[in-house]
Structure formats: C-alpha cells, structure tokens
Amino acid sequence: MKKIITYGTYDLFHEGHYNMLKRAKAEGDYLIVGVTGDRYDVGRGKLSVKDSLATRIENVKKTGFADMIITEEYLGQKISDIIKYDIDTFVIGDDWRGKFDHLNNYCTVKYISRTEGISSTQIREEVFTIYKIGVITDKMSDNQIVKESNLIAGVKMGKVYSEDKDIAEEFCKKYELPGVAETPEELYEDSDVIFVRADIKDRYRLAKDALQAGKHVICDFPFSLDSNKQKELWNIAKENDRILLDNIKAPYSQTFIQMMWAVQGGLIGDVIDFNCSVSKKDLDIPYLFYELAGMAVVPMLKILGHDYLSMDSRLIYEGESIEYATMYFEYPTGKAKINVGNKIRVGNQIEIIGTKGTISIGDNWWKADYFEMDKTDGSSQVFNMNFDSNGFRFLLANLVDMLNQDIIETKFFSEKDSWKVTAILEEAIAKER
Ligand code: CTP
C-alpha cells in the first residue's frame, strides 16, 4: 500500500485545498492529512487563522479524501510523522518548491501545482473587515508595529502624521506606508485606529485629540505623568465608545499568561519574593523612570494583584533625572522588589520565588518566549512558546477581536491596571520629595 502525507492550515476551506487533497489522494492508496494546530501557527507567526482547529479538521474530513487526519503541533514534526506512519510520498503545493527537499532522506517529495487565483489570505482580505492603523509619531522607530501588523488578519497600516514633517516623510519611506498625512484630520479621515508613538509629555494631548475625533487609540505607555490626566483619557474613550490601549505587550503574550497561570494556580506555592528589574540604554533621560518603572511594575500587578499592603521606594537622582530606583512592595505572603536603572545597570530579569518553587526569565523578560520553573521537589521545566517577536502581534490580535465584537475594554491590561501603574510612580516620586 502506497502511503501519502500532506500538510496545511486549511483555513476558510476553498477550492485550492480541495484540489490539492484530491490530487494528493490520487498519488497513492492511503492519505494522511496533517492540519496545523493553533499553537504551531502562533509559533510561526500565523495569527490570522480564522477557523477553529475543529472546523478546519471537519472541512478536510468532509472532502472524503483523507484516510487519517492528524494535527501538526511543532516544527520538525513532519520527520517523525513520515517515519512513524511509514510514508512513501510527501505531497505539498509548489508554492513550497524546494523548501521540503530535505525530507527526501525519508521518503519521496512531490510538489504539485497550486490552483491559481485563490488562497485563504485572499479570502480573509475580501470577506473580513480590515481596520486601518494610522501612525502619529515623533520617532523614527516603529516599535515593530509595521512588521507585526502584517501577521494579523484584520489590520493594515495606513498613513503617518508627524508634527515634524521630515520625520513623517522618512518614517513613511522606511516602513513603506501608503502616505504622509498633512494634518491630524487627514490622518483621522484615513484611519480607524491611531497609534500614538511620542514623547511622554505629548502623549496625553495627541491621544486625547484622536479619541475626540472618534478614533480608537493605541498609545505608548504610560499615557501621562499624571494619573488624573490618564483617567480623563479613559473617560473620553468610554464616552465616545472607543478603545484605548496602552502599548504594553507583555500582558498579552502567551508566555506571560502562562506564567500568571502557574503562579496564581499555586504551582510554586505562596509567593515569598518577586523580583523584576529593567535597564535600557538610550532612553530620553528625564522620563526614564516613568518609561522603565512603569514597564517593570506591570508583571507584579498582573501576577500578584493590586492589593499590596505597603510600598516603599528609593530613588537616586542625577540632576532632574532619576538614574536608579528600587521599589519595595509588601504583599500578604511576601515581598516584591522592582529595580530600574540607566547608567547604573541592572539585569533584565524576573524571578518569582514561591514556597514550592521558583519561576525565572533570564533575559529581556518583556519579550521572552519562555520561562523556567524549578520546583522544590527537584523537578524543573522550561515552558517555551517558540515565537520571535516583541509581542505586538498579540496586542493587535486582541484589538481585532475587540473591534469585531464591539468590546471597548480588555482584561489583558485594563483601565485599572493602567491607572494603578501611574499612581504607583506618582507615589514613589512624591515620597522622595
Ligand atoms: N493550496 C493549493 N492551491 C491554492 C491554495 C493552497 O494547492 N490555491 C495548497 C497548498 O499548496 C498546500 C495546501 O493547499 O499544499 C494547504 O495550504 P494552506 O497554506 O492551508 O492554504 P493557503 O490558501 O495557501 O493559505 P494562506 O493564504 O493562509 O497561506
């Protein structure tokens, strides 16, 4: 019996998929179809898949060509499948020509011509609403929103506006955006969502203007140095029925959510010590403390909650700017310590010590795709999500879900979370003065 295997996502099942499965089956006597699992797709950056895994499997099943359906869960699984199922021929569309030649070591590899003029991507673009993101910026770096937005079905980049026209023009060229808006109004006219990427002193003003113009807003974090102004922005967003998101990625990432689950689900017992530290080079020094400390407080608030019993802090100034900060928080079962440094360097780590184990992320925790858990019983485990990104894609995927379902508040990082961060920073500064 000649056994054939083929793989695909089979999202929004179409004629091209049908033809491919029919031809694959005709290559032998027994056809195994591998349907990509959701996690595998996320890992390789395919967050645009619309149909659930169950629907995609069902659609493959309905063709009647598959004798067996399996799910593809990880990179490299094809080799073990080919060996395990004793496959004779691996079949795939010729859009992949050359990419699977290495499988010739295990079976015959056959590339079959694709059906012209149809793809899941094309259907997604035609059938679903695509929301346009316009950018207001005073910087040349895009914080990866352009690259990440390409991975999400449902959003596309629009024009860019800057109060400094040269920046707008260069930004537009660098990221190949569709054009420069001459005025904020022109940008609003062209966009559904405005991404505010600006110095902290300008964020409140720019975000407020965009919200009042009826746009949804993603704004660099924190929005303002003043928690009252921040509250005002949230109120305007709510009154206008618009989404306001902090540009903070960690709470949306799967690594972070799994870590939250592990701690809150009691896998490491009661938390005795929580340590989180951040340093970054080249930040605008007067606002360094707000930028970095804001970011560093987020994991603590999301994982241990807002209800700490007391807070203490120590700030080291150089002139007007805070060069180093330590903040201590007393929680009912233990302490949390946040370290932020500029010239005085600290590691970019998270360590959560519990009565039954320790969770740690060794480097650049805010974009980590893994964490380690060492238990007191001697066992240890690495949780690896396998993605290469700064996490923007998860925030954008959530934004699209919110837009499609008319939801304006998210629990990933809520108004309360956002407000609490600024309030903590204000308190730390006030204590020193
Ligand atoms: N396929 C095909 N003809 C098409 C589209 C897909 O023969 N017009 C084949 C692919 O080559 C692959 C299988 O169908 O062997 C599953 O493809 P998949 O990636 O799931 O479908 P696409 O429509 O290419 O999806 P996307 O646009 O998301 O890449």
Side-chain angles (χ1 to χ4, degrees), residues 2-28 30-79 81-82 85 87-104 106-130 147-156 387 389 393 396-397 400 404:
K2 191 173 173 192
K3 287 173 106 178
I4 312 295
I5 198 160
T6 190
Y7 293 87
T9 304
Y10 306 104
D11 189 29
L12 306 170
F13 199 88
H14 57 70
E15 190 195 335
H17 296 143
Y18 183 90
N19 294 341
M20 173 56 61
L21 292 176
K22 186 173 179 185
R23 294 179 66 187
K25 173 75 179 191
E27 289 289 322
Y30 190 87
L31 176 65
I32 301 180
V33 180
V35 180
T36 53
D38 291 336
R39 177 125 177 242
Y40 178 60
D41 280 324
V42 169
R44 59 194 188 129
K46 213 168 170 174
L47 255 86
S48 50
V49 178
K50 289 284 177 188
D51 285 337
S52 68
L53 175 60
T55 303
R56 292 183 286 119
I57 289 176
E58 189 53 35
N59 287 334
V60 168
K61 197 169 163 189
K62 272 197 242 158
T63 64
F65 297 128
D67 296 289
M68 183 196 262
I69 298 175
I70 58 173
T71 53
E72 187 179 18
E73 304 289 357
Y74 60 92
L75 192 72
Q77 185 186 315
K78 291 183 179 78
I79 293 177
D81 290 341
I82 290 167
Y85 298 112
I87 298 298
D88 297 288
T89 308
F90 168 87
V91 169
I92 197 90
D94 62 0
D95 45 323
W96 293 99
R97 187 169 299 283
K99 296 270 168 40
F100 292 104
D101 288 358
H102 57 283
L103 294 177
N104 271 312
Y106 307 96
C107 67
T108 306
V109 174
K110 188 153 186 187
Y111 299 100
I112 291 185
S113 57
R114 258 172 90 92
T115 306
E116 290 294 314
I118 190 158
S119 72
S120 306
T121 307
Q122 191 187 325
I123 302 176
R124 280 192 290 264
E125 280 169 5
E126 283 166 12
V127 174
F128 296 95
T129 313
I130 308 282
K147 177 177 142 226
E148 296 280 303
S149 67
N150 285 332
L151 295 165
I152 308 293
V155 290
K156 71 172 177 194
F387 68 86
S389 113
R393 68 186 66 167
L396 291 175
V400 173
N404 285 336

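Numbering starts at 1 and runs along the sequence shown. Numbering of ligands and ligand atoms starts at 1, following listing order. Values reported hereafter were calculated over all heavy atoms of this structure, with side chains retained and with hydrogens, waters and symmetry mates removed.
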Exercise. Report, in ascending order of atom number, the atoms of ligand 1 lying under 4.0 Å from any heavy atom of Tyr10.
Key: 16 (C), 20 (O)
Quiz item: Got an N/O contact under 3.5 Å between Thr6 and ligand 1?
Solution: no
Practice problem: Report yes if Arg124 has an N/O atom closer than 3.5 Å to an N/O atom of ligand 1; otherwise report no. | Solution: yes
Quiz prompt | Under 4.0 Å to a heavy atom of Ser119 - the qualifying atoms of ligand 1, by number | solution = 23 (O), 27 (O)
Self-check item: Any Phe13 side-chain heavy atom under 4.5 Å of Thr55 side chain
Solution: no
Quiz item: Quick check: does Asp95 get an N/O under 3.5 Å from an N/O on ligand 1?
Solution: yes
Self-check item: Backbone or side-chain N or O of Ser120 under 3.5 Å from ligand 1 N or O
Solution: yes
Practice problem: Quick one: closest heavy-atom pair of Leu12 and Asp51, and the distance? | Solution: N-OD2, 2.9 Å
Quiz prompt | Residue selection (non-hydrogen contact nearest atom 7 (O) of ligand 1) among Met20, Arg56, Glu116 | solution = Met20
Quiz item: Could an N or O of ligand 1 be found under 3.5 Å from any N or O of Gly93, whether backbone or side chain?
Solution: yes
Quiz prompt | N/O separation below 3.5 Å, Thr9 to ligand 1 | solution = yes
Quiz item: Out of Arg114, His17, Glu125, whose heavy atom sits nearest atom 10 (C) of ligand 1?
Solution: Arg114
Quiz item: Between the side chain of Asp94 and the main-chain N/O of Arg114, is any donor-acceptor distance below 3.5 Å?
Solution: yes
Exercise. Assess whether side-chain contact (heavy atoms from CB on, under 4.5 Å) is satisfied between Val49 and Arg56, documenting all intermediate values.
Key: CA-CA 10 Å; Val49 178; Arg56 292 183 286 119; 3.6 Å; yes
Self-check item: Heavy-atom side-chain proximity of Glu27 to Thr6 below 4.5 angstrom
Solution: no
Exercise. Report, in ascending order of atom number, the atoms of ligand 1 lying under 4.0 Å from any heavy atom of Ile118.
Key: 4 (C), 5 (C), 8 (N)
Exercise. Please tell me if the side chains of Ser120 and Lys50 come closer than 4.5 Å, counting only heavy atoms from C-beta onward.
Key: no
Exercise. Measure from NZ or CZ of Lys78 to the centre of the six-membered ring of Phe100 and say whether it is under 6.0 Å with the direction within 45° of the ring axis.
Key: no
Self-check item: Within-4.5 Å side-chain heavy-atom neighbours: Ile79 and Leu103
Solution: yes
